[in-house]
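Input: a single structure, listed below in structure tokens.
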Amino acid sequence: MNNKIADIFEEVSILLEISGENKFKCIAYSNAAKTIRVLSESVEALLNKGELQNIKGIGKGILQNIFEIVESGELFFHKELKQKFPNSILELLKIQGVGPKKIKTLYDKLNIASIDDLKIACEKNLIANLDGFREKTQQNFLSAISSLSKNIDKHLYCDALNSAEIILSFLKIQNEVEQVEIAGSIRRKKEIIGDIDILVSAKEIHREKIFNLFTQHEFVEKILSKGETKSSVILKSQIQCDMRIVDGFQFPFALNYFTGSKEHNVEMRSRAKKNGLSLNEYEFSLLDKKNKLPNCKTEKDIYKVLNLNYIPSELRENFGEFDFFENNTIELVDETMLKGTFHCHTNFSDGKNSLEDMVEKAKSLGFLYFGIADHSKVAVYANGLDEKRVMEQHKKIDELNFKQSQIKILKGTEVDILRDGSLDFSDEVLSKFDYVVASIHSSFKMSKSEMTNRIVKALKNKYVSILGHPTGRLLLERDGYEVDMNEIINVASDFGKSIEINSHPLRLDLDWRFCRYAKEKNVKIAINPDAHSIFEIENVKYGISVARKGWLEEKDVINCWKLDEVENFFSNQKR
DNA sequence: GCCGTTTTCGGCCCGACTGTTTTCAGTCG
């Protein structure tokens with residue numbers, strides 16, 4: 001229900017904008033949608049308890065609307081708005097340079113209500129004759145429509161990071177560049193990245209040269225815009241990259257601003273105002289001339305002026321960080337804290353490398369323990385192990401453990417959760433492993449409640465230690481299966497089970513948005529690479545990013561624990 | 001439509017860039 005209400009409010013917000021409504025009314029609906037989407041309790045429950053109206057951003061009008069949707073399943077006001085325009089009209093927003101105002105004009109004057117309509121109108125040269133539109137705008141529309149079909153507006157975090165790091169190293173060696181940092185959603189470690197933001201500080205006389213070096217570099221495919229402080233390009237990797245250059249003293253302000261998120265910035269500026277200051281991307285300025293202008297050399301100083309402790313970039317989503325950092329700080333988990341991992345495949349099933357090679361790689365990464373979890377027998381496509389081959393693998397692991405003591409190899413399995421929630425090995429076989437990762441690899445299309453029950457049943461098996469990739473999503477490729485993640489976390493909490501953050505760049509599943517709830521419920525997290533080769537073991541770094549973004553600390557992540565603590569955790573689960 | 005440590009009305013974050021204009025509206029982040 002929460003998502004349904006959020007969807008409706010989001011659409012209302014956009015449709016009101018297209019209708020030319022007061023923009024703050026639109027923002028109010030959009031804010032309400034965002035607030036409702038991230039509630040950890042259902043709207044119905046909050047409504048029953050009479051607590052819904054206490055939530056910031058939900059006033060009298062929105063509350064009435066929520067009540068109507070809960071009661072009748074729809075919102076009359078929303079239906080009425082929708083009837084004013086064809087359904088397809090919202091897709092026009094996907095086009096770069098098209099916003100609500102242009103949509104209104106295009107619809108009123110030329111009856112354009114879809115991307116196809118717009119393309120045809122451009123090709124017929126109809127746009128260039130509209131008031132406020134000319135030839136250039138028409139060309140831009142056509143080019144934006146063609147990039148849309150190339151899907152260049154969304155990228156995996158790892159791909160965007162790789163491209164960004166190439167640019168970063170190029171800029172770092174330029175003499176004219178004083179400071180350079182990756183900002184934007186990469187710095188916030190979002191799982192999906194729209195574009196790359198690079199921030200540079202340099203003397204004004206050098207700016208033009210740096211912009212030229214950047215835009216004329218061989219990694220650039222196309223220049224989108226070039227101004228005095230900002231330049232945008234499309235890279236050969238098909239990712240848009242924006243670069244800004246500011247003065248040295250402006251750098252912390254600009255870094256903070258261009259890291260975002262937008263929602264975080266809005267709150268920063270509103271807090272500045274309450275402190276008699278105005279904040280922009282370059283500096284603080286005084287609203288009340290009687291005050292003294294604060295001196296800020298770092299981002300930490302900026303937060304301090306606003307009576308906040310330093311907020312790590314990953315947490316800047318206006319997701320509760322402002323309340324928390326007024327009086328608290330947090331030391332987020334980081335890569336140096338990892339002592340091992342639990343979900344790696346070998347060539348016993350569908351991994352590319354041998355047990356020995358995988359263990360050697362784990363040693364080289366400084367791990368103290370290393371869990372093997374090959375597929376179970378039903379995963380025929382992945383050469384899953386039957387009971388006999390499990391025993392062979394266990395024998396091999398015992399031998400390797402006997403031969404060396406630098407790293408402890410743990411015996412695990414990634415057992416399939418079958419359609420009915422039972423597991424692919426009997427309890428007797430499961431009892432022979434040090435730990436068990438249980439995952440779904442089949443029958444994705446079940447109803448939300450069936451899928452939730454399926455996973456809950458598996459979690460209740462006393463031999464299950466860790467729930468693997470809890471939604472099965474493949475980012476930008478396949479949505480996860482429908483599942484009530486709050487309920488899964490509740491059950492994991494009741495039964496002392498761990499949930500995996502699968503660190504494969506395509507998965508990053510558990511999603512960071514649920515980590516904080518898991519932490520609240522004392523559900524421990526395992527950061528697992530799901531490695532199918534020695535190189536993929538290093539993917540744990542992406543899992544660390546998710547964990548940081550999900551507010552997790554060393555104590556919340558079992559891979560950060562000592563070997564005996566981990567072994568105790570697993571054996572206690574079986575009691 | 002929401003909100004309040006200058007409260008029940010009058011604000012609501014702020015600036016760069018583009019493309020259209022000839023001073024600015026729209027979009028974007």
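Proteins come first, then strands; the chains are lettered A, B, ... in the order of their sequence lines, and each starts at number 1.
- Here A/N140 lies in heavy-atom contact (under 4.0 Å) with sugar-phosphate atoms only.
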Without placing hydrogens or testing angles, list every side-chain donor-acceptor pair under 3.5 Å for residues 20-28 of chain A, not counting sequence neighbours.
residue, atom, partner, partner atom, Å
A/E21, OE2, A/K25, NZ, 3.2
A/N22, OD1, A/F24, N, 2.7
A/N22, OD1, A/K25, N, 3.2

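- Residue contacts for A/N280: at a heavy-atom cut-off of 4.0 Å it reaches the sugar-phosphate backbone alone, with no base atom in range.
- At a threshold of 4.0 Å, the pair A/E317-A/R516 does not count as salt-bridged, since none of the basic side-chain nitrogens sits closer than that to a carboxylate oxygen.
- Among the atoms of the strands shown, none is found under 4.0 Å from any heavy atom of A/S261.
- Among the heavy atoms of the strands lying under 4.0 Å from A/Q96 are primed sugar atoms or P, OP1, OP2 only; no base atom is included.
- Remark: nothing in residues 103-117 of chain A comes within less than 4.0 Å of DNA chain B through any heavy atom.
- At the heavy-atom level, A/F133 lies under 4.0 Å from the strands shown only through sugar-phosphate atoms.
- Rounded to the nearest Å, the gap between the C1' atom of B/dT18 and that of B/dC9 is 37 Å.
- Pair assignment for B/dG11: B/dC2, on the basis of Watson-Crick or G-U wobble contacts that are both within less than 3.5 Å.
- Across all strands, A/I95 comes closer than 4.0 Å only to sugar-phosphate atoms, never to a base (heavy-atom distances).
- Side-chain nitrogen and oxygen atoms of A/K136 include at least one within less than 4.0 Å of the OP1 or OP2 phosphate oxygen of B/dG19.
- Contacts of A/K274 with the nucleic acid, taken as non-hydrogen atoms under 4.0 Å apart, are absent.
- Among the heavy atoms of the strands, none lies under 4.0 Å from A/I27.
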